[in-house]
Each structure stands twice: as structure tokens, then as C-alpha cells.
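Notes follow once the structure below has been shown.
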Amino acid sequence: QPGSGSVDNVLGLAFTKRFGAWSFDTNVLYQLTNEGVQDTNLGDRFLYNAAVSYRMYGFTGASGRMNAGLPEPMYHGGPRAKHHHEEAPPPSRGPALDLVLEVNGEWHDHQRVGGVKDPNSGGTTVYLSPGLRLSMDRWSSFVSVGVPIISEPNGLQPEPDWRILSGVTLNF
């Protein structure tokens, strides 16, 4: 879908905390939309997400422990002691698979064309989105299926039955 040609301001915050195999992620994003071509403003947007994920298999992060039912690595027949000076083997960077459950919310302001508000635009939708995330080294991919638990469009608009989101990320 083509946009309005406006240059918009975007402000966002994100927070992630890992607890072993569990992770909590949240973010908010506000888009302050400006007027574009043909005197059109597509309306401000506020997007918010919260997710909990569980590492089913693979590298868990900074601790270097694997979450596949394996114990802490052994060093000379016992767990690594704080006073032990031998270098630990590097953590595995193989594939990791996470189960993810998200709540995704979207609020859209009314569109305005020629300064006139379109009463059949904008609204609020909140999705419950289970999904999977596969990670390896610097790459990550995900897929989730969102089912609306709140759907409050303004005026006469089609309401979503479900949505599929997918993506690929490369960390630098």
C-alpha cells in the first residue's frame, strides 16, 4: 500500500530480560505522522508489544549454558569453581529454538484528507500471538499467528480475523 509521502517522526523504547531459558521482551513505538502529498495525513500510530519466550533448545545467552536438559559444564570431574583458572570452552553458537507468546497492540488515529477527518479510519486492535523463533549466530527468524482479542475500528471498516507475521534479522 503506498504511503502519503510524508516524513514522519518515530520514537520507541525496548526492554529485554533473560532468566535462564525464559525471556521477557517489551517495546513501545509512537509514530507522529505529518502531512504528505495531496494534503493527506494518515494518522499517528502507537504500537506496543509484550512477549514471554521459552528456549526449548540451544544456547541460552551470556551464561553459556545449554537448555537441553544438560548440567553445568564439568571441569576436571566437577563443576567449575570460582577459583579455577582454566579457560572454559567457548559456548555453543549452534541453532536455538524458542516458543514465544506475545500480546501486540496497535492504535491508529483517524486519517485526514484536506483537513477533513475520515470517520471510517483508525481504531484499536490487540492480538494474542503464539509463535516460534529460530536463531543461529547473528541470524534470527520468526513466525507468529495473531488472533485479535480486542478489535475496535472507528466507523465502518473490515475487522481482522487473524494475521501472520514473519521476519529475518541480522545483528551487527
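- Heavy-atom neighbours of L156 CG from other residues, nucleotides or ligands within 6.0 Å: at or below the threshold of 12.
- Inter-residue side-chain proximity for I164 and V143 is flagged as met; some heavy-atom pair is nearer than 4.5 Å.
- Looking at D137, its side chain never comes within 3.5 Å of a backbone N or O of W139 through a donor-acceptor pair.
- W107 and L29 fall into different hydrophobic clusters, defined by Ile, Leu, Val, Met, Phe, Trp and Tyr side-chain heavy atoms under 4.5 Å apart, directly or through other members.
- Note on M136 and V100: separate hydrophobic clusters, where clusters join Ile, Leu, Val, Met, Phe, Trp and Tyr whose side-chain heavy atoms are under 4.5 Å apart, directly or indirectly.
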Under the side chain to side chain contact (heavy atoms under 4.5 Å, CB included) rule, what do N27 and T16 come out as? Steps first, then yes or no, please. CA-CA 9 Å; N27 66 68; T16 296; over 6 Å; no
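- From S121, atom OG reaches atom CG of L42 across 9.5 Å, with rounding to the nearest 0.5 Å.
- The aromatic rings of F46 and Y30 sit tilted relative to each other, their planes meeting at an angle between 30° and 60°.
- A side-chain N or O of D8 and one of Q31 form a donor-acceptor pair less than 3.5 Å apart.
- Between Y127 and I150, every side-chain heavy-atom pair lies at or beyond the 4.5 Å cut-off.
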Under the criterion side chain to side chain contact (heavy atoms under 4.5 Å, CB included), I'd like the reasoning laid out for N120 against N154: C-alpha separation, chi angles, the key distance, then a yes or no. CA-CA 5 Å; N120 299 313; N154 297 328; over 6 Å; no
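- Within the 4.5 Å cutoff, side-chain heavy atoms of S151 are placed close to those of P160.
- V147 and I149 fall into different hydrophobic clusters, where Ile, Leu, Val, Met, Phe, Trp and Tyr are joined by side-chain heavy atoms under 4.5 Å apart, directly or via other members.
- Under a 3.5 Å cut-off, the side chain of E159 and the backbone N or O of E152 do not form any donor-acceptor pair.
- A 4.5 Å side-chain heavy-atom check between L165 and F142 finds at least one atom pair inside the cut-off.
- Counting only distance, with no hydrogens or angles, the side chain of N41 and the backbone of T33 share a donor-acceptor pair below 3.5 Å.
- With a 4.5 Å cut-off on side-chain heavy atoms, V126 and V103 count as touching.
- Shortest non-hydrogen contact noted between P148 and T125 is CB-CG2, 4.2 Å.
- A 4.5 Å side-chain heavy-atom check between E35 and S6 finds every atom pair outside the cut-off.
- Under a hydrophobic-cluster definition in which Ile, Leu, Val, Met, Phe, Trp and Tyr are linked whenever side-chain heavy atoms come within less than 4.5 Å, directly or via other members, L101 and W22 are assigned to the same cluster.
- The hydrophobic clustering, which links ILVMFWY residues whose side-chain heavy atoms are closer than 4.5 Å, places Y48 and L13 together.
- With hydrogens and angles disregarded, a donor-acceptor distance shorter than 3.5 Å links the side chain of N34 to the backbone of V7.
- Between the side chains of S53 and R133, at least one donor N or O sits under 3.5 Å from an acceptor N or O.
- Between H108 atom NE2 and D44 atom CG the span is 11.0 Å, to the nearest 0.5 Å.
- Counting heavy atoms from C-beta outward, L132 and L99 have side chains that approach closer than 4.5 Å.
- With contacts defined as side-chain heavy-atom distances shorter than 4.5 Å, the pair V52/D25 does not qualify.
- Side-chain N or O atoms of H110 include none that pairs as donor or acceptor with a backbone N or O of K117 at under 3.5 Å.
- Side-chain polar atoms of S129 and N104 form a donor-acceptor pair below 3.5 angstrom.
- Seen from the ring of F19, K17 counts as a face-on cation partner, given the 6.0 Å and 45° thresholds.
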